[in-house]
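Naming convention: chains lettered A, B, ... in sequence-line order (proteins, then strands); numbering from 1 in each chain. The structure displayed is predicted, hence computed values, not measured ones.
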Amino acid sequence: MIKLAVVTGMILLVGLMTGCGVEQGDTKAGEKGQVEAVSSDKTEAITPHKGVNQEPVPLVVERVGEKEVNVEMTAQITDIEIAENHFYKAWTFNGQAPGPVVIVKEGDLINFTLKNTDPSIPHSMDFHAVHTAPSKNFADIMPDEQGTFRYTASKPGVFMYHCGTKPVLSHIANGMHGTIIVKPENGYPNDGGIDREFVILQNEWYKYNDLEDFASGEPSHVAFSTKSLDDNGRNTNGDTFTLKKEPLIANVGDRIRMYVNNVGPNEMSSFHVVGTIFDDVYIDGNPFNHMQGLQTVLLPASGGAIVEFTVKEAGDYPIVTHQFNHAEKGAVAILRVDGPDDK
Amino acid sequence: MIKLAVVTGMILLVGLMTGCGVEQGDTKAGEKGQVEAVSSDKTEAITPHKGVNQEPVPLVVERVGEKEVNVEMTAQITDIEIAENHFYKAWTFNGQAPGPVVIVKEGDLINFTLKNTDPSIPHSMDFHAVHTAPSKNFADIMPDEQGTFRYTASKPGVFMYHCGTKPVLSHIANGMHGTIIVKPENGYPNDGGIDREFVILQNEWYKYNDLEDFASGEPSHVAFSTKSLDDNGRNTNGDTFTLKKEPLIANVGDRIRMYVNNVGPNEMSSFHVVGTIFDDVYIDGNPFNHMQGLQTVLLPASGGAIVEFTVKEAGDYPIVTHQFNHAEKGAVAILRVDGPDDK
Amino acid sequence: MIKLAVVTGMILLVGLMTGCGVEQGDTKAGEKGQVEAVSSDKTEAITPHKGVNQEPVPLVVERVGEKEVNVEMTAQITDIEIAENHFYKAWTFNGQAPGPVVIVKEGDLINFTLKNTDPSIPHSMDFHAVHTAPSKNFADIMPDEQGTFRYTASKPGVFMYHCGTKPVLSHIANGMHGTIIVKPENGYPNDGGIDREFVILQNEWYKYNDLEDFASGEPSHVAFSTKSLDDNGRNTNGDTFTLKKEPLIANVGDRIRMYVNNVGPNEMSSFHVVGTIFDDVYIDGNPFNHMQGLQTVLLPASGGAIVEFTVKEAGDYPIVTHQFNHAEKGAVAILRVDGPDDK
């Protein structure tokens with residue numbers, strides 16, 4: 001009963017904003033974007049999104065002072081290949097799902113601009129990294145509008161961001177999530193000894209834009225993605241195949257740090273790297289929350305962590321959630337370690 | 001197969017105790033209580049509970065010595081409005097679900113009396129805050145009887161209490177849960193700087209008194225409630241609407257402490273307050289278990305925590321479990337912060 | 001869609017390896033083993049496993065040096081009574097599910113031999129306690145073959161082990177999991193004061209060998225087992241009844257340590273002992289990860305912990321996961337404390 005009410009509420013919202021109801025129909029991925037159409041893939045986009053596949057707009061991060069940074073992000077509708085030949089007309093930040101990683105420093109004042117290029121519904125930005133009144137600074141931005149908000153990133157860590165427009169579950173589950181890293185002013189204890197850093201996000205996918213399935217169903221896919229920490233790295237989407245086919249690469253002897261974030265919307269992550277033990281773990285990425293020798297770090301929905309470990313032998317190390325139902329549904333990536341064994 | 005066996009077992013239990021089986025029928029909420037009857041709401045109470053809606057009996061907590069306290073609670077059957085116009089004939093402590101918060105001090109000897117006014121089935125009390133033999137001191141109290149037990153609250157923290165009568169899952173899921181806070185002898189590090197304190201509980205609701213749904217289903221509603229820390233505060237039930245319509249209130253600049261407890265019966269809570277980061281967190285409310293800068297605290301089923309944070313801007317701050325399927329099902333409360341921004 | 005693909009993949013794997021597909025049929029438990037046949041129990045073993053019920057082969061652990069130990073384990077197919085009169089033709093290590101506990105010391109070089117006596121499919125061993133390249137040292141061993149691997153247990157703790165052969169979910173869910181304890185070089189803080197130690201594992205059971213149910217279903221049973229820390233103790237399987245009918249035994253006044261491990265495959269555990277609070281908890285069994293005064297410890301899938309507490313009154317103390325849907329499905333054991341109360 002409540003579920004029906006909720007679904008109806010959403011239809012009404014869309015109807016009010018667009019003057020039309022929700023229709024079912026095929027959406028061919030790639031009609032105007034970077035991905036190929038796949039006739040067997042059918043999604044049920046809301047009418048104003050049908051045929052829309054917006055080219056990803058780059059994230060803009062621009063430092064304007066010792067303690068101040070401008071960040072500009074774009075809400076857009078873009079097809080994402082979540083499993084091989086299975087496309088999802090995602091609601092995204094910057095045409096990625098999860099969105100690009102945002103990196104600032106502890107104490108930074110963030111001047112954040114959200115451009116909403118979605119033709120039909122409002123979007124917003126809820127950064128877990130900031131202290132601010134949500135009703136004021138996580139406010140909705142209407143279609144084809146933009147808004148700027150100012151707040152400070154006062155705590156270090158690995159934080160989730162997501163669209164906070166109602167129904168929030170739909171906006172997150174349809175793809176509007178990502179990670180903001182706030183670098184601690186005094187660094188992490190092992191900063192000097194780290195050879196290689198990765199960002200790994202976990203998210204779930206459900207039936208297309210189906211709020212009832214989001215609320216009560218099982219995920220159809222659970223996905224990992226990696227995001228670039230600089231301008232030259234890889235940004236992959238939350239899918240079930242890319243990080244298996246094109247592994248993350250390290251060398252024997254590397255001390256590796258992973259910034260991990262479980263962007264949900266619903267499930268925990270039992271994050272584990274096969275063949276290793278995490279020497280050091282910082283829960284939510286705060287240097288104070290130090291644990292050692294963990295086989296698995298448990299991330300709540302929205303939770304983050306830093307995990308550090310060393311690889312001493314060449315070979316493939318699967319990265320998984322040890323909730324193996326979710327690994328089976330896609331949440332496996334490969335860390336490939338090259339070179340002669342480190343004896 | 002096992003599920004059928006379990007359900008049958010419960011029917012037998014009830015049958016043995018009351019001389020009659022389980023019937024299905026409409027129970028109008030509010031037939032003699034504080035809530036209005038809603039004809040569209042149908043619950044399937046066991047026969048001896050049909051039409052029963054007992055007026056809430058107040059919790060009694062009476063200090064009788066430096067290190068000794070008498071606590072008296074009442075098991076009773078009372079209609080609870082878990083969603084707007086949706087009533088649940090709850091099995092309760094003191095006519096609330098979750099029950100009222102009990103507050104004692106570390107080291108207190110508790111003389112606990114349970115009065116069972118349920119006309120048909122036994123109930124009991126399992127305090128997570130005490131060391132005692134459950135077979136002796138968490139024993140069943142028969143209908144219309146009472147029993148007194150003595151045990152010591154030897155550890156500080158935020159602990160769950162619940163009925164421990166078999167099938168335990170039915171007694172918890174039907175509403176017999178709550179929180180006991182044991183104040184640490186030497187206090188918490190920030191006691192002096194706290195401006196405002198709240199108790200927030202999370203619980204799930206399922207199909208009415210349906211052990212199979214309790215054991216294998218999805219919650220129909222996930223609810224927050226608040227409980228009063230003194231004689232003058234608010235006690236709300238675990239519902240989906242009250243703390244949205246009538247928010248918790250604070251002022252700009254307040255340092256806020258929340259005593260949080262996830263009373264289940266089944267799910268984790270990824271407890272989060274939008275627009276803030278928890279400065280300090282004490283897992284299960286023990287001062288030793290200190291974490292800092294958490295975006296979200298993960299509570300196991302029955303787990304507690306203290307979270308502390310400061311609000312610097314006026315506005316509404318949603319309190320959620322970031323498992324957004326559960327937020328969608330009701331687990332959202334509002335913290336309203338009044339006053340000019342604190343610059 | 002993805003689920004179908006996965007199931008098909010598994011059928012193909014089995015077909016390729018055995019020359020025959022998967023058939024459905026009755027398997028009578030105990031046809032040649034230690035358990036009694038129960039005609040009402042029907043499992044759907046793959047064809048080469050039908051009628052197979054291999055006698056458990058003992059674990060071999062042999063110290064060969066100050067810092068070196070030989071460990072030999074056997075992959076085998078053995079009927080396990082997971083609920084009363086409900087048998088499961090488990091894929092096992094050493095005819096137990098979970099397998100026997102393996103105990104080594106921090107810093108030990110492990111020479112590990114896996115003998116695969118399964119007539120039809122490969123198996124492997126993934127110890128969470130070691131640093132090594134999985135692609136090399138967690139490799140598949142073919143039927144009727146054996147392989148030896150060398151790696152070091154460099155961190156102390158309570159670690160999961162499991163078969164890592166694809167599909168991993170099937171191998172874990174069918175029973176190939178267990179615990180390896182790595183004793184810390186400098187011990188735990190309370191080693192001198194512990195009177196009694198137990199190993200407690202939690203695992204879930206699903207529909208027989210049904211990868212779709214493993215991936216998207218609810219567990220049919222959730223089970224506890226205990227494993228012997230020396231040559232004379234008890235090894236029980238993951239079932240719903242043994243540790244209720246034949247409790248763990250302690251005496252009044254005992255300080256008790258439990259090595260706890262949640263071997264999954266999918267769920268968290270909210271591990272709790274009724275009537276006690278854990279004085280000390282070490283997450284994943286690492287002495288660094290110390291918590292105090294916990295009512296419940298949350299274990300991720302694969303996660304471990306050491307919990308310590310004292311029992312001061314005679315009586316029965318239920319051990320549960322406080323996710324009570326899972327307790328209802330079997331995850332309850334009894335700790336029976338004998339003797340006059342300790343005043």
Side-chain angles (χ1 to χ4, degrees), chain A residues 40-41 82-86 205 217-222 240 252 267-281 290-300 309-318 320-330 332 334-337 341-342, chain C residues 1-3 5-6 126-138 151-160 162 164 167-173 182 184 206 211-218 262-268 282-289 298-304:
Chain A
S40 67
D41 182 56
I82 64 174
E84 287 185 272
N85 294 327
H86 182 100
W205 295 106
E218 287 290 313
S220 62
H221 305 81
V222 185
T240 63
V252 167
E267 300 288 341
M268 314 295 108
S269 173
S270 296
F271 188 80
H272 172 82
V273 180
V274 181
T276 70
I277 301 162
F278 302 139
D279 296 321
D280 296 284
V281 174
H290 189 192
M291 300 185 85
Q292 290 189 349
L294 288 190
Q295 63 193 307
T296 299
V297 60
L298 181 50
L299 305 173
F309 58 95
T310 301
V311 283
K312 296 193 173 174
E313 297 176 358
D316 282 0
Y317 295 70
V320 300
T321 170
H322 222 285
Q323 293 156 243
F324 253 93
N325 51 349
H326 296 163
E328 181 67 33
K329 290 181 175 187
V332 179
I334 301 294
L335 172 67
R336 179 157 294 162
V337 176
D341 288 356
D342 186 19
Chain C
M1 195 167 67
I2 191 173
K3 291 174 209 162
V6 165
D126 170 346
F127 282 119
H128 284 197
V130 302
H131 278 87
T132 198
S135 50
K136 185 176 69 175
N137 277 325
F138 296 162
Y151 26 59
T152 300
S154 54
K155 301 269 183 190
V158 178
F159 297 101
M160 183 178 174
H162 60 89
V168 182
L169 176 56
S170 290
H171 286 254
I172 299 177
V182 182
Y206 295 83
L211 186 54
E212 184 162 345
D213 194 56
F214 295 162
S216 295
E218 287 290 312
N262 172 26
V263 297
N266 298 335
E267 301 289 340
M268 314 297 107
Y282 303 95
I283 303 298
D284 265 356
N286 190 299
F288 184 83
N289 304 324
L298 181 49
L299 305 173
S302 85

Return the CG to CG distance between A/L294 and C/N289, rounded to the nearest 0.5 Å.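 A/L294 atom CG to C/N289 atom CG measures 5.0 Å (nearest 0.5 Å).
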Rounded to the nearest 0.5 Å, how far does CD of C/E218 lie from CD of A/E218? 7.0 Å
Proximal component of [X], with respect to chain A [non-hydrogen, under 4.5 Å]:
X	result
C/M160	both
C/I172	side chain
C/A129	backbone
C/N266	both

Chain A: which of C/S135, C/S302, C/P265, C/P287 shares the most heavy-atom pairs with it under 4.5 Å? C/S302
If you count heavy-atom pairs within less than 4.5 Å of chain A, which of C/F159, C/F138, C/F127, C/F214 leads?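 Answer, by heavy-atom pair count under 4.5 Å with chain A: C/F159.
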Heavy-atom pairs under 4.5 Å with chain C, option from A/V320, A/T296, A/D316, A/I277 with the top count: A/I277
I'd like to know which of A/N325, A/L299, A/V281 tops the heavy-atom pair count under 4.5 Å against chain C.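 Greatest number of close heavy-atom pairs with chain C: A/N325.
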Tell me yes or no: between the side chains of A/H221 and A/H86, is some donor less than 3.5 Å from an acceptor? no
Tell me yes or no: between the side chains of C/N286 and A/Q292, is some donor less than 3.5 Å from an acceptor? no
Examine whether an atom of A/M268 lies under 4.5 Å from a heavy atom of chain C, and if so say whether it belongs to the side chain, the backbone or both; otherwise answer neither. side chain
Which bit of A/V274 comes within less than 4.5 Å of chain C, counting heavy atoms only: side chain, backbone, both or neither? both
Tell me if the aromatic rings of A/H326 and A/F324 count as close, with their centers under 6.0 Å from one another.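 No; A/F324 has its ring centre 6.0 Å or more from that of A/H326.
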Do the ring centers of A/H290 and C/F288 come within less than 6.0 Å of each other? yes
Would you sort out whether A/K312 and A/V337 count as a side chain to side chain contact (heavy atoms under 4.5 Å, CB included), showing the intermediate values? CA-CA 9 Å; A/K312 296 193 173 174; A/V337 176; over 6 Å; no
